[in-house]
Amino acid sequence: MAEWEHHAYARVGLLGNPSDMYGGKALSFTIANFWATVHLAPSNDVVIRPHPQHDFVNFASLPQLVTRLQNEGYYGGVRLLMAICKVFYNHCIQHGITLKEQNFTLSYDTNIPRQAGLSGSSAIICAALSCLLDFYNVRHLIRVEIRPNIILDAEKELGIVAGLQDRVAQVYGGLVYMDFAKEHMDRLGHGVYTPLDINLLPPLYLIYADNPSDSGKVHSTVRQRWLDGEEFIISSMEEVAQLALDGRKALLDKNYRELARLMNRNFDLRRQMFGDDVVGMVNIKIVEVARSVGAAAKFTGSGGAVVALCPEGEGQVLLLEKACQDTGFLVQRIQVAPSPLTLTEDNPLF
Ligand SMILES: Nc1ncnc2c1ncn2[C@@H]1O[C@H](COP(=O)(O)OP(=O)(O)O)[C@@H](O)[C@H]1O
Ligand SMILES: O=C(O)[C@H]1O[C@H](OP(=O)(O)O)[C@H](O)[C@@H](O)[C@@H]1O
Ligand SMILES: [Mg+2]
């Protein structure tokens, strides 16, 4: 019997994040440097297989258990897979989509640095959703622009505070400009997503440290201040959203100095809104190290990993690599992952 396996790649929020969570705009892309894989095989029962490392519950000692909880938290990917099964099933029931009565086993693997703002959580869910769409042969019944909502609903189900940006990038793949304006969200139930040519992107670098942070915790206070109508948060989020629109123009114009300016502004606004305690000293240090050689730098997501641009070219890249090496941060050239979606006659984005 047929089995399915799907990848979903880590994503970089290049500009506009986190305004995606506040009716804003984002410019994001998937990267081939890291990915999650989910495998689905038909089976007698529905089985969610724990990952031997990420869902490990067998410890050599109490200190080892405590270290693991301190470094990685209580949860691995099992709850993500369970949640997408539930949300997918409910979506199908609510939309009159009939599912065949057959069961399956889901297993997963990932090399995305954990809780590093590279969207490791939604990568696992996105790959699982792809497997379910194929197993039940319902891909044509669940439109591509709806899929990010389903992935987000699975995380909401778990109480994880997150936005659509990551999920859109991972469902569409490649480089996507996204507009989450309230009028689109209210009218369509989703944002307006415009795939762009990945060749517009200049060489970019990823810098990160082994320093997991919980994106839900990061977002909780700013979200509340935004809901309370705090003027500073509202106007700053609007400015962050505008950076994505300006960034799209800078990319089309190949104006990388302007792109660098916008990236720096994006991080500075985040820092002002969230405050240094929430942004985190290690994260601030990564950005400062990149900026010390004149590179532009901002978070890829809510913290952990940083995307850097060297507008001066190769010489500056060498300086960046040296500065990261000296401070113990990992740096690598970003490989953009192109879109996996194929064009078909009746569905331009499948
Ligand atoms: N690499 C991973 N392996 C297993 N589970 C993960 C991984 N990354 C995230 N998760 C799960 O997703 C939840 C939310 O992660 P999140 O803070 O959003 O990190 P990220 O920035 O990687 O998406 C975690 O509490 C955990 O249950
Ligand atoms: O704060 C951000 O930039 C993003 O935070 C979350 O992503 P994560 O990879 O978990 O840090 C959130 O899901 C995104 O919508 C935000 O843009
Ligand atoms: Mg996440």
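Computed from a prediction, not measured in an experiment: that's the story for all the values here. Sequential numbering from 1 along the given sequence is applied to the chain's residues. Whatever order the structure lists them in is the order used to number ligands and atoms, beginning at 1.
With a 6.0 Å cutoff to the six-membered ring centre and a 45° limit on the axis angle, R270 does not count as a cation-pi contact of F267. The side-chain tip of K100 points at the ring of F135 from less than 6.0 angstrom away and within 45° of straight on. Taking the ring axis of Y22 as reference, the NZ or CZ atom of R223 stays within 45° of it and closer than 6.0 Å to the ring centre.
The shortest heavy-atom distance from E155 to ligand 2 is not under 4.0 Å. Ligand 2 lies nowhere less than 4.0 angstrom from a heavy atom belonging to Q115. Residue contact check for ligand 1: S119 places a non-hydrogen atom closer than 4.0 Å to it.
Taking the side chain as every heavy atom from C-beta outward, V87 and Y89 never approach each other to under 4.5 Å. Residues I284 and R271 have side chains in contact (heavy-atom distance under 4.5 Å, counting atoms from C-beta outward).
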When you look at Y108 and H39, which way does the ring-ring contact (aromatic ring centres under 6.0 Å, His included) test go after all the steps?
CA-CA 6 Å; Y108 78 100; H39 184 94; over 10 Å; no
Take N90 and Q94 through the test side-chain hydrogen bond (donor to acceptor under 3.5 Å, both in side chains) and record every step on the way to the result.
CA-CA 6 Å; N90 284 342; Q94 277 159 17; 5.7 Å; no
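Which parts of ligand 1 touch R79 is read off a 4.0 Å heavy-atom cut-off, strictly below it: atoms 13 (C), 24 (C), 25 (O), 27 (O). Remark: ligand 2 atoms within the under-4.0 Å shell around heavy atoms of S119 are 9 (O). Set against the non-hydrogen atoms of G76, the atoms of ligand 1 under 4.0 Å away are 4 (C), 5 (N), 11 (C), 26 (C), 27 (O). In the vicinity of G77, heavy-atom distances shorter than 4.0 Å reach the ligand 1 atoms 4 (C), 5 (N). The ligand atoms of ligand 1 that sit less than 4.0 angstrom from a heavy atom of I112 are 1 (N). Near G117, meaning under 4.0 Å from any of its heavy atoms, are these atoms of ligand 1: 21 (O). Close approach to G120 involves these atoms of ligand 1, each under 4.0 Å from a residue heavy atom: 20 (P), 22 (O), 23 (O). Numbered from 1 in the order shown, with element, the atoms of ligand 1 that lie under 4.0 Å from a heavy atom of Y75 read 26 (C), 27 (O). Every atom of ligand 1 with a heavy atom of L80 under 4.0 Å away is listed here by number and element: 11 (C), 12 (O).
Residue G303 has no N or O atom closer than 3.5 Å to an N or O atom of ligand 2. By the 3.5 Å distance cut-off applied to N or O atoms, S122 is not counted among the residues near ligand 1. For a threshold of 3.5 Å applied to N or O pairs, the pair formed by T110 and ligand 1 contains no separation below that value.
Of the candidates Q165, M21, R11, it is R11 that places a heavy atom closest to atom 8 (P) of ligand 2. Checking S19, S302, G301 against atom 11 (O) of ligand 2, the nearest heavy atom belongs to S302. For atom 14 (C) of ligand 2, the choice among V168, V12, D166, V240 with the nearest heavy atom turns out to be D166.
Electrostatic pairing of E288 and R291 does not count as a salt bridge here, judged by no charged N lying under 4.0 Å from a carboxylate O.
Between H7 and Y9, the ring planes lie perpendicular to each other; the angle is over 60°, past the 30° to 60° tilted range.
Contacts between Q115 and ligand 1 below 4.0 angstrom, taking non-hydrogen atoms only, involve backbone and side chain alike.
F88 and Y136 have their aromatic ring centers within a separation under 6.0 angstrom.
Between the CZ atom in R11 and the CD1 atom in I31 there is a gap of 9.0 Å [rounded to 0.5 Å].
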